Asks: 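Got a structure for you, written out below as structure tokens; questions coming shortly.
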Amino acid sequence: MQIDEAQLKKYILESGLVSKTDFALAVELADVKKQKLGNILLSQGKISETDLKRMEAFVLGIPFISLTNHKVDFSVLSLIPEPIARNYNIVAYTKTDQGLEVAMLDVEDLPVIDFIKKRSGLKILPRLTDTSSIKSVLVQYRQSLKAEFQNIIQKESSTFKSTYGEGDKVAEKSESELKDLAEDLPVIKIVDSLIFHAILQNASDIHIEPGEKELTVRYRIDGLLHDAMVLDKNAGAGITARIKVLANLKLDEKRLPQDGRFKKDQDGEKISFRVSTLPTFFGEKTVMRILKENTHGYTLETLGFHGEGLERIHASLKQKTGMVLATGPTGSGKTTTLYTMLDILNKPEVNISTVEDPIEYQMPRVNQTQVKPEIGLSFANGLRSLLRQDPDIVMVGEIRDRETAGLAVNASLTGHLVLSTIHTNSAAGAIPRLIDMGVEPFLITATVKTIIAQRLVRRLTPNKEKYFLSDAEIKNLAKIVDLDRVLAFLKTENIVGAKDTWEKIAFYKAVRISEFEDGYAGRVGMHEALKMTGSIKEMIISGKSQDEIEMQAKKEGMMTMLEDGVFQAVLGVTSLEEVFRVVSE
């Protein structure tokens with residue numbers, strides 16, 4: 001089902017929606033750029049998307065459907081999984097005896113039509129629609145699932161209470177009784193619903209927290225915790241027991257913390273869960289970290305790297321030996337950065353081995369080892385063993401003790417490129433941290449090539465609002481960050497004009513919409529990349545402070561995280577408020 005471009009051009013011209021002059025110029029530009037005429041007219045604002053889609057539908061001989069403010073029955077809506085609907089701009093809206101009517105932006109996308117046909121077992125009837133219709137229906141996924149989720153949870157919680165009684169009685173049960181409880185249908189439904197809803201919202205963690213009178217469930221989405229549900233306290237022990245069974249933990253151990261993991265398939269996506277239980281005053285708190293194993297396709301640019309920092313990383317990855325370190329607090333995207341670098345390095349002629357806890361993403365042609373401290377397989381022991389396997393490149397999930405640090409340094413000295421993470425607040429802060437772990441300063445200068453520090457900030461949605469800073473706001477901002485340096489970086493990378501001043505540079509604010517309640521969706525990194533230059537090596541050997549090293553790195557062209565945050569705010573990727581929220585944490 002392809003659009004006849006010649007016929008479409010004829011209908012556009014005859015419609016009178018575009019002047020003959022504008023039409024002729026657009027045709028000429030489309031030929032030069034080898035793009036479709038409709039896309040050129042859209043980008044120039046000469047025609048609305050709805051009008052264009054109506055004409056395309058007429059040429060194709062299929063109906064155009066508008067779904068703005070149209071309520072779709074959830075049983076029909078759910079025939080297409082929400083991730084597929086969002087990624088491919090296709091939604092199901094009506095089911096009849098003739099088949100399933102689906103609204104699409106691109107009816108030429110035959111693979112996705114075939115996928116839905118196989119999944120639903122129904123004849124697919126494609127209909128053309130516009131972006132506002134797709135967005136209107138996508139909002140209904142979240143609303144419908146939330147309502148269904150609450151109904152399941154409330155229903156199953158009451159069933160659980162009537163069957164098993166009050167929470168104290170449940171907590172006193174033996175291991176065999178708890179195992180039976182964990183396999184009971186109401187408990188399984190509650191846990192499955194909690195997990196399904198968390199994945200749907202792209203949550204990174206699920207927190208299940210017992211209180212005096214209730215059980216609170218919270219999801220961490222884009223780095224912030226949000227209340228998802230408040231349950232009857234009686235359901236707590238059953239939910240914990242179910243999660244312990246899934247993660248192969250001891251059911252009757254409630255006095256000591258436990259760690260475990262399990263895997264799950266959802267809509268063809270492999271997802272791992274890292275489970276941690278912790279005794280608290282009112283019962284065991286459970287946290288599940290959600291790790292999507294087949295996440296891939298990142299580049300350093302999509303992670304937020306740019307300019308001089310990006311060039312420094314690429315230069316260090318061309319080295320055959322040495323260390324590249326990623327630093328930052330827990331949840332700052334360090335591991336994702338390392339995996340992205342591994343993806344660049346992953347070529348047939350090299351042998352790559354890793355020691356991780358946990359293995360967050362599975363990579364082809366990479367030998368990944370999971371740390372298991374309970375049987376003596378620590379980072380240090382794992383690293384010591386894999387060095388006997390003739391690797392060219394080694395990734396150590398985290399340098400957290402003297403022994404691992406020493407082995408990583410020795411590995412980089414003996415002909416290996418070592419990638420690892422370390423917990424510090426800045427790039428320069430990694431140097432005193434390594435010294436504190438017992439690494440000699442001369443060994444740091446001999447091995448470390450680049451240190452990357454990072455934080456994650458939330459991305460603004462396309463509905464953001466543009467604004468300009470007042471003179472007073474510029475003065476206040478200048479007290480926090482060196483605006484002259486940031487402006488120089490912006491001009492070097494051609495983001496702003498050579499003569500632009502801060503008064504003429506736009507920033508952006510979050511705009512709340514029904515689909516994204518806080519005006520943000522997803523996250524991106526702000527970084528600093530410290531290069532181990534000759535002058536910085538001399539400062540480390542002579543015992544200079546972290547602040548002095550950072551000052552020298554700035555003189556040599558390093559953009560600090562805060563400066564990079566302001567840079568990203570000018571790009572419209574995030575807001576100044578979000579940058580300062582993250583940096584001040």
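Source: prediction; values computed, not measured.
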Asks: Check whether more than 12 heavy atoms from other residues, nucleotides or ligands sit under 6.0 Å from atom NZ of Lys531, and answer yes or no.
Replies: no

Asks: Measuring from Ser353:OG to Asp392:CG, what's the distance to the nearest 0.5 Å?
Replies: 9.0 Å

Asks: Quick check: closest heavy atoms across Val496 and Asp500, and the distance to 0.1 Å?
Replies: CB-OD2, 3.7 Å

Asks: Can any side-chain N or O of Lys491 pair as donor or acceptor with the backbone N or O of Ala498 at less than 3.5 Å?
Replies: yes

Asks: Describe, in one word, how the ring planes of His197 and Tyr219 are oriented to each other, choosing from parallel (under 30°), tilted (30 to 60°) and perpendicular (over 60°).
Replies: tilted

Asks: Should we say atom CG of Asp401 is surrounded by more than 12 heavy atoms from elsewhere, each under 6.0 Å from it?
Replies: yes

Asks: Between Gln370 and Ile359 (side chain of the first, backbone of the second, donor and acceptor by atom type, cut-off under 3.5 Å), is there such a pair?
Replies: yes

Asks: Yes or no on side chain to side chain contact (heavy atoms under 4.5 Å, CB included) for Leu342 and Leu338, after CA distance, side-chain angles and deciding distance?
Replies: CA-CA 6 Å; Leu342 278 186; Leu338 289 191; 5.6 Å; no

Asks: Is the backbone of Ser132 close enough, under 3.5 Å, to the side chain of Ser136 for a donor and an acceptor to pair up by distance?
Replies: no

Asks: Could you check whether Glu356 and Gln368, counting side-chain N and O atoms only, form a donor-acceptor pair closer than 3.5 Å?
Replies: yes

Asks: Only pairs under 3.5 Å count here: list side-chain donor-acceptor contacts from residues 551-561, not counting sequence neighbours, and write none if there are none.
Replies:
from   : atom 1 : to     : atom 2 : distance (Å)
Gln552 : NE2    : Ser535 : OG     : 3.4
Gln552 : NE2    : Glu556 : OE2    : 2.7
Glu556 : OE1    : Thr533 : OG1    : 2.6
Glu556 : OE2    : Thr533 : OG1    : 3.4
Glu556 : OE2    : Ser535 : OG     : 2.2
Thr560 : OG1    : Glu563 : N      : 3.3
Thr560 : OG1    : Glu563 : OE1    : 3.3

Asks: Asp205 and Arg274: salt bridge (Lys or Arg N to Asp or Glu O under 4.0 Å), yes or no, with the steps?
Replies: CA-CA 9 Å; Asp205 302 85; Arg274 188 170 66 190; over 6 Å; no

Asks: Is there a donor-acceptor pair closer than 3.5 Å between any side-chain N or O of Asn351 and the backbone N or O of Gln389?
Replies: yes

Asks: Checking the side chain of Thr286 only, and the main-chain atoms of Thr240 only, is there a donor and an acceptor separated by less than 3.5 Å?
Replies: no

Asks: Looking only at atom types and distance, does a side-chain atom of Asp227 sit under 3.5 Å from a main-chain N or O of Arg218, one as donor and one as acceptor?
Replies: no

Asks: Would you compute the distance between atom CD1 of Ile452 and atom CD1 of Ile313 and round it to the nearest 0.5 angstrom?
Replies: 4.0 Å

Asks: State plainly whether the residues Asp259 and Arg289 are in salt-bridge range, i.e. N to O under 4.0 Å.
Replies: no

Asks: Could you tell me whether the side chains of Ser545 and Glu548 share a donor-acceptor contact shorter than 3.5 Å?
Replies: yes

Asks: Please report the closest heavy-atom contact between Gly328 and Lys334, naming both atoms and the distance.
Replies: O-NZ, 3.1 Å

Asks: Quick check against the 3.5 Å criterion: does Thr447 have a side-chain atom that pairs as donor or acceptor with the backbone of Leu443?
Replies: yes

